[in-house]
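I have placed the structure first, in the form of structure tokens, so that the comments after it can refer back to it.
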There are 2 protein chains.
Amino acid sequence: MGDCRHEKPETLYRFFDPQSIAVIGSLREGVFGGYVVVKSLIKSGYEGRIFPVNPGYTEVHGLKAYKSINEIAHPVDLAIIMTNARAVPSLLTECAEESIRAVVVVSDGFAERDMEGAMLQNEIARIARYKGIRILGPNTAGVASSGNGFNPCPYEAGYYSLKKGPLAICSQTGMTNPQAYPYHSFSFGTSKICDFGNKCDVDECDMLEYLGADDETGVVSMYLEGIADGERFLEVSRRVTSRKPVLILKSGRTQKGARASESHTGSLAVDDRVFDSVCRQAGILRLDLWSEIFEVPKIFAVQPLPKGNRLAIVSYTGGVGVLAIDKADAYGLGVADLTPETAGMLHAIFPGLGKIPVDIGPAATAMTGFLDMYPRILGLVLADPNVDSLFNVLWADPTGRSVGIYLRAYEQLKGEIKKPLASWIYGPDPSIVSDLKGRLEGLGFPVFGSPETAVRALGMAYSYASYISFR
Amino acid sequence: MGDCRHEKPETLYRFFDPQSIAVIGSLREGVFGGYVVVKSLIKSGYEGRIFPVNPGYTEVHGLKAYKSINEIAHPVDLAIIMTNARAVPSLLTECAEESIRAVVVVSDGFAERDMEGAMLQNEIARIARYKGIRILGPNTAGVASSGNGFNPCPYEAGYYSLKKGPLAICSQTGMTNPQAYPYHSFSFGTSKICDFGNKCDVDECDMLEYLGADDETGVVSMYLEGIADGERFLEVSRRVTSRKPVLILKSGRTQKGARASESHTGSLAVDDRVFDSVCRQAGILRLDLWSEIFEVPKIFAVQPLPKGNRLAIVSYTGGVGVLAIDKADAYGLGVADLTPETAGMLHAIFPGLGKIPVDIGPAATAMTGFLDMYPRILGLVLADPNVDSLFNVLWADPTGRSVGIYLRAYEQLKGEIKKPLASWIYGPDPSIVSDLKGRLEGLGFPVFGSPETAVRALGMAYSYASYISFR
């Protein structure tokens, strides 16, 4: 793809931190298009200049609309194009004339559509290369950045602000952009969001370089359908994983999936075994389920890395404790053997308590006020030198009485704890479960959507910790 | 375990449809115990007689409390015991004297605790056998039945009524009982719920026999830690699966998990490969994740079985369409090739629409009013003779504008459709997603918690359909 591909990754800053932006395309009211982009920018608190461009309008959302790009008498850092695909080549040329160096092409109808679209895509890539423009897309839902309130979402997403946080999330689909996922309830916050679309220019390697150097980003989660350049990918990701964890969900594992990804974003498929081996060499953590893209990074957001693979389990219910042990084995963790001292102290609190899984249920139902000892039990298990990480299963009783006890226990652990703690909450009242989840996450302790994901996240934290220490 | 084990399964009716019940144990106010059982029964609309038994009380919830079982001058169908474990043997003898033939032993401290507990468990099993009593438990959260509003839940669950429906759910843990799962938001309803606990008498085979013959039950979902009798299990489950699907999640897949299950419910482990082979021979569908116990049965609740394995995918987002194709392959489904006629009609609606995944996104953003054609698109895909089942991915836009369109489409399909349809909804506003889910499920179309589970459920529907037709 020529020279500008290898420009320093820092040049991608224009996509995430432009001082001014041109929004080119339909300004008609609706759930998609330039009208939504401008409103998204205003509502998210973007402080740069916004230049809507559409010959049919004089203003939108109180902003002057321009007939064409060259009418804007002000430097423009980034353009977002949402016109018919056939109009894109000439618009790119106009952008170049106005020294716009970064363009997000939201328009679809390119390589993902048909042969004609593929030729059009080649044409815009050629123009970009020749004119020194970086393109994100085409066929993309674009970017967002929480640090500066920059959220030019082209789909109506509810116009909410992104919470600042360490997670960068990139995807070869719009499914990780703000219109698709409730980021307002994602406690740990995001740094940057990006949809690669058809990747005619900016690709996963560029983004990894950029995010690797980005101080706001502590963990990178990606969905990919293909890799542009295997060798470069290995080289770049090795560098990035030495500084922060990188998690990837890749589709096209099967032949049919691979063919479908070709027609979705025009991606060339990679043999899955080759990709797997690249991930192992580069210390990339490979995900398996869609929800894991959002869930697994939470363990890296604020929790320390484990020093070993010995998992302890505390559970209000023995059944899920047993299931967790099965999964621990599958995800590379071993089950901790409590020291005789810890076991003894737990048995003294209630007979049978001093073994993994530490089954809270029987004692909680048998002893009045037993839950008052909950902070002490969690503390004892975490302090055990034979324990490297903890999975805790909580019952949110529908009266909400236990919420305060759980909060007190986690508050006591905060600051003291040097081992990762993953939690899962169950109960008959979804609103109490969700409220407790929000509060525990507010204290910095991730709560997962399923017991299996919690254990998997701890397994990945251990995988990453060992990769880092052995490389 | 002797003769009463092989009594007709119909005798289990006492556990689910007792005309009168004795509640033996603590009546102290709290989130667990006899106090809660009695309140659960009253609130759930139980119409039989309730006899609380505790020498320290004269009344509870307006009901007379009895000093002992023999003071009750009325036949009792079922007793629920929640006392200290050591008191259970003599209480069983008293039950026998009063001709009580079915007892739920909620008390813990038996084989799951220690050697002494294991001996106590042998003792109560011996008494039961000798006296002709069936025991559920010990160490169980008991039973519930929606048909007669019989919900003697010993943990506070919010005192809600169970909706009637075809799903029977049994478990070797209390985690499927009403205090652990929000059944009030389970659209398709349950028939019977049962926690086997330590299975000293009533076991999975007894329950399978009973549920196989139960007209209210259309599908059985189970969590097991071990099998009491492999040969009988194979024989019974073959008979039951010929009438209704049986889904099982079994823990103890790994050695460590197996050891943990021993100490949780005192279960003897079964070699996982042996169990797998039994499942294949018996047409049992084997689950892998905790949430699947509740989710996968939904495809069997009201949807027809597929005639073949050719899966069509309609999606608002191409990315999840590609992922679904990967998973289809893993779960035994093939991707449908639309007939040229269907493809042609779809391409005529919007270029590129006539292939799997049918990607709605580009057209929906490009054409005003495109979603008006949504019912027609779903109808065309489902009517295609090359299509056996459909996975549909919906975007719940945060304005809620699309909700009406989706509802109209599904309403049109209702009654007409003879192929299973599984859906997944995503979007930035969890309350709109959850509202749409409730409405679609209200029409009889299951909506799954993840795209992978939706495809897995369709894969299992196909597995079951082929098992039935080839046996």
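Letters go in sequence order (proteins before strands), and every chain restarts at 1.
With B/S315 contributing its side chain and B/V393 its backbone, the two residues share no donor-acceptor pair below 3.5 Å. With B/E225 contributing its side chain and B/T173 its backbone, the two residues share no donor-acceptor pair below 3.5 Å.
Both the backbone and the side chain of A/W290 come within contact range of chain B, with heavy atoms under 4.5 Å apart. Using a 4.5 Å cut-off between heavy atoms, A/Y316 does not touch chain B at all. Both the backbone and the side chain of A/D288 come within contact range of chain B, with heavy atoms under 4.5 Å apart. Using a 4.5 Å cut-off between heavy atoms, A/D108 contacts chain B through its side chain alone, with no backbone atom that close. Only the side chain of B/P451 comes within contact range of chain A, with at least one heavy atom under 4.5 Å from a heavy atom of that chain. Only the side chain of B/E452 comes within less than 4.5 Å of a heavy atom of chain A; its backbone N, CA, C and O stay farther away. Residue B/D114 does not touch chain A at all, counting heavy-atom pairs closer than 4.5 Å. Interface remark: A/P351 contributes backbone and side-chain atoms alike to the contact with chain B (heavy atom separation under 4.5 Å). A/F350 touches chain B through its side chain: at least one heavy atom from C-beta onward sits under 4.5 Å away, while N, CA, C and O do not.
Atom NZ of B/K43 is surrounded by 12 or fewer heavy atoms from other residues, nucleotides or ligands within 6.0 Å.
Between the side chains of B/S251 and A/D326, not a single donor N or O lies within less than 3.5 Å of an accepting N or O.
With a 4.5 Å cut-off on side-chain heavy atoms, B/M222 and B/F196 count as touching.
Options A/M82, A/Q179, A/R28 differ in how many heavy-atom pairs under 4.5 Å they form with chain B, and the most are formed by A/Q179. The candidate with the highest count of non-hydrogen atom pairs below 4.5 Å against chain B, out of A/L323, A/D329, A/L249, A/V31, is A/L323. Annotation: maximal heavy-atom pairing with chain A below 4.5 Å, among B/P430, B/A330, B/G352, B/G427, occurs at B/G427.
Partners of A/K437 under the salt bridge (Lys or Arg N to Asp or Glu O under 4.0 Å) rule, at least two apart in sequence or in another chain, are A/E441. For B/R86, the salt bridge (Lys or Arg N to Asp or Glu O under 4.0 Å) criterion is met by B/E116, not counting sequence neighbours.
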Working note: B/F294 + B/Y181, criterion ring pair (Phe, Tyr, Trp, His ring centres under 6.0 Å); need CA distance, chi angles, decisive distance, verdict.
CA-CA 9 Å; B/F294 307 94; B/Y181 184 81; 3.7 Å; yes

